[in-house]
Protein chains: 2
Amino acid sequence: MATELFGQTGYRGTAIAEVAIRAGLTLPGLLHHFGSKEALLLAVIEQRDADSEAYATELLGREGQLRLPSIPDFAGRNKERPGLAKLFTVLVAESLEPNAPGHEHFVDRYRALRAIVADMIIAGQQDGRVRKDIVPKLKAAEILATLDGLQTQWLLDPDEVDIVESASAYAENLERDLTAGL
Amino acid sequence: MATELFGQTGYRGTAIAEVAIRAGLTLPGLLHHFGSKEALLLAVIEQRDADSEAYATELLGREGQLRLPSIPDFAGRNKERPGLAKLFTVLVAESLEPNAPGHEHFVDRYRALRAIVADMIIAGQQDGRVRKDIVPKLKAAEILATLDGLQTQWLLDPDEVDIVESASAYAENLERDLTAGL
DNA sequence: GTTCACCTACCGTCTTATAGGTAAGTGAAT
DNA sequence: ATTCACTTACCTATAAGACGGTAGGTGAAC
């Protein structure tokens, strides 16, 4: 309920009274459970993060190996729940300022995601499945950046940008890039 | 003035009275010139777009040719004016919803940018400087996505992500990707 | 003397949050 | 089994403030 509204109108643009009504109670009833608007936001983020765990695990495969073909699958799953993707995009933007409510959370999250992807790349390099002149940290940031950016373009203009098609093409490019020159 | 505040706290999070004060006048004084908050936003976007023209032109070079080495230069210029970059990121996120104030503007802008980059790629393919099995539309979306995504990660965590370094590495990767196999 | 730029004063609305109360349940003591 | 103490889950009512916008006036420029 809160997830949808925060995703549609952002943190600042959402009145928690509306969240309460959709949840079938009044504003004070909602605040009885969460204490404040910011606490509600953090609760939403936390719940959403369980889902985000799947992000890394899916990219990772079971044993820390790169599984590029799962990228479009993941994009496809987002396609069916655009609210969650929108929530993510909007909240990150609203959290850019250092003193914003969710700032530290998203900073930590991106650091963790970059580290996970970088470790995958390193593992691939040690196994000889990934080119050694790739800088893991930079490539990790680039991969996450591309997927986020494609998602934003899709959310903004779903008629023009097909997230699954874009993600598939990118996954192929990425595979060729990582393995170029054996 | 308005650019900075909209960039820091977004459209919804910015009180136009604060904009007025920073501009050295009162709220009604500001509204005398712009009429409404939404009109102020559109004026800010329009002014910012002059700057954004440079984006395409710089990427494009003078005669519609790809100029990848200018990507890190462009990133470096953004680095000195993070307010502008932040404004862009925040406003796009706030405009995802179809009825949001700047929605159509950003939809059009991304369509135009994708078209410009795609045309560049097509020109490169005709000149034989770019691989022919690249799909121009998809690659254009991917390039813009990566640059946007890197910028977001940098804005969120400037200590960990160096936008110039990231953009440089990406530009090199991109060059290799576009020209792979002659 | 009319237009333009701007001000003070104010309105109505929306929003978060609190105060204080009610109803229902839980668990222990008797 | 019933009473009592207490907690939980809400409610109505209201405070307290921020916000966008308007009305109407003042003063200077031309």
Side-chain angles (χ1 to χ4, degrees), chain A residues 1-48 83 86-106, chain B residues 1-48 83 86-106:
Chain A
M1 334 272 146
T3 298
E4 284 173 27
L5 279 174
F6 281 149
Q8 280 168 23
T9 45
Y11 175 69
R12 283 191 271 257
T14 297
I16 54 175
E18 180 66 25
V19 176
I21 289 169
R22 295 210 190 181
L25 40 90
T26 62
L27 192 152
L30 180 77
L31 284 175
H32 170 73
H33 291 285
F34 292 97
S36 74
K37 186 181 184 180
E38 183 167 343
L40 174 62
L41 172 68
L42 296 179
V44 165
I45 288 176
E46 207 152 319
Q47 193 214 335
R48 198 205 61 87
K86 200 169 283 192
L87 174 75
F88 176 82
T89 303
V90 172
L91 288 186
V92 167
E94 282 186 313
S95 307
L96 287 181
E97 210 64 8
N99 50 347
H103 181 75
E104 281 179 45
H105 177 272
F106 284 111
Chain B
M1 334 271 146
T3 299
E4 285 173 27
L5 279 174
F6 280 149
Q8 279 167 23
T9 45
Y11 174 68
R12 282 190 273 255
T14 297
I16 55 176
E18 180 67 25
V19 177
I21 288 169
R22 294 209 190 181
L25 40 88
T26 61
L27 191 151
L30 181 76
L31 284 175
H32 172 71
H33 291 284
F34 292 96
S36 75
K37 185 180 185 181
E38 183 166 343
L40 174 63
L41 172 70
L42 296 179
V44 165
I45 289 176
E46 207 153 319
Q47 193 214 335
R48 198 205 62 85
K86 202 170 282 195
L87 173 75
F88 176 81
T89 303
V90 172
L91 289 187
V92 167
E94 282 187 315
S95 307
L96 287 181
E97 210 65 9
N99 50 347
H103 181 75
E104 282 179 43
H105 177 273
F106 285 111

Handout entry: With sequence neighbours excluded, residues passing side-chain contact (heavy atoms from CB on, under 4.5 Å) with A:S36
Key = A:E38, A:A39

Exercise for the section: Nearest whole angstrom, please: distance from the C1' of D:dT12 to the CG of A:L25. Expected result: 14 Å

Completion exercise
Applying side chain to side chain donor-acceptor pair (under 3.5 Å) to A:T9 and not counting sequence neighbours gives A:T14

Exercise for the section: With sequence neighbours excluded, tell me which residues meet side chain to side chain donor-acceptor pair (under 3.5 Å) with B:H105. Expected result: B:D49

Problem - side-chain N/O A:H32 vs D:dT8 OP1/OP2, d < 4.0 Å - result: no

Provide a list of protein-nucleic acid N or O atom pairs under 3.5 angstrom, restricted to nucleotides 20-27 of chain D.
residue, atom, partner, partner atom, Å
D:dG20, OP1, B:T14, O, 3.4
D:dG20, OP1, B:K37, NZ, 2.9
D:dG20, OP2, B:I16, N, 3.2
D:dG21, OP2, B:K37, N, 2.9

Completion exercise
Sorted by chain and number, sequence neighbours left out, side chain to side chain donor-acceptor pair (under 3.5 Å) with B:E97 holds for A:K86

Practice task
Not counting sequence neighbours, which residues clear side-chain contact (heavy atoms from CB on, under 4.5 Å) with A:L30? List them please.
Solution key: A:I16, A:V19, A:A20, A:L25, A:F34, A:L40

Handout entry: Any residue meeting salt bridge (charged side-chain N to carboxylate O under 4.0 Å, His left out) with B:E18, in chain and number order, not counting sequence neighbours
Key = B:R22

Practice task
Sequence neighbours left out, what passes ring-ring contact (aromatic ring centres under 6.0 Å, His included) with A:F6? Give chain and number order.
Solution key: A:Y11

Problem - Start and end of the DNA chain C segment that chain A contacts, any atom under 4.0 Å from a heavy atom - result: C:dT15 to C:dT18

Exercise for the section: Applying side chain to side chain contact (heavy atoms under 4.5 Å, CB included) between B:F88 and each of B:V90, B:L91, B:V92, report the one that passes. Expected result: B:V92

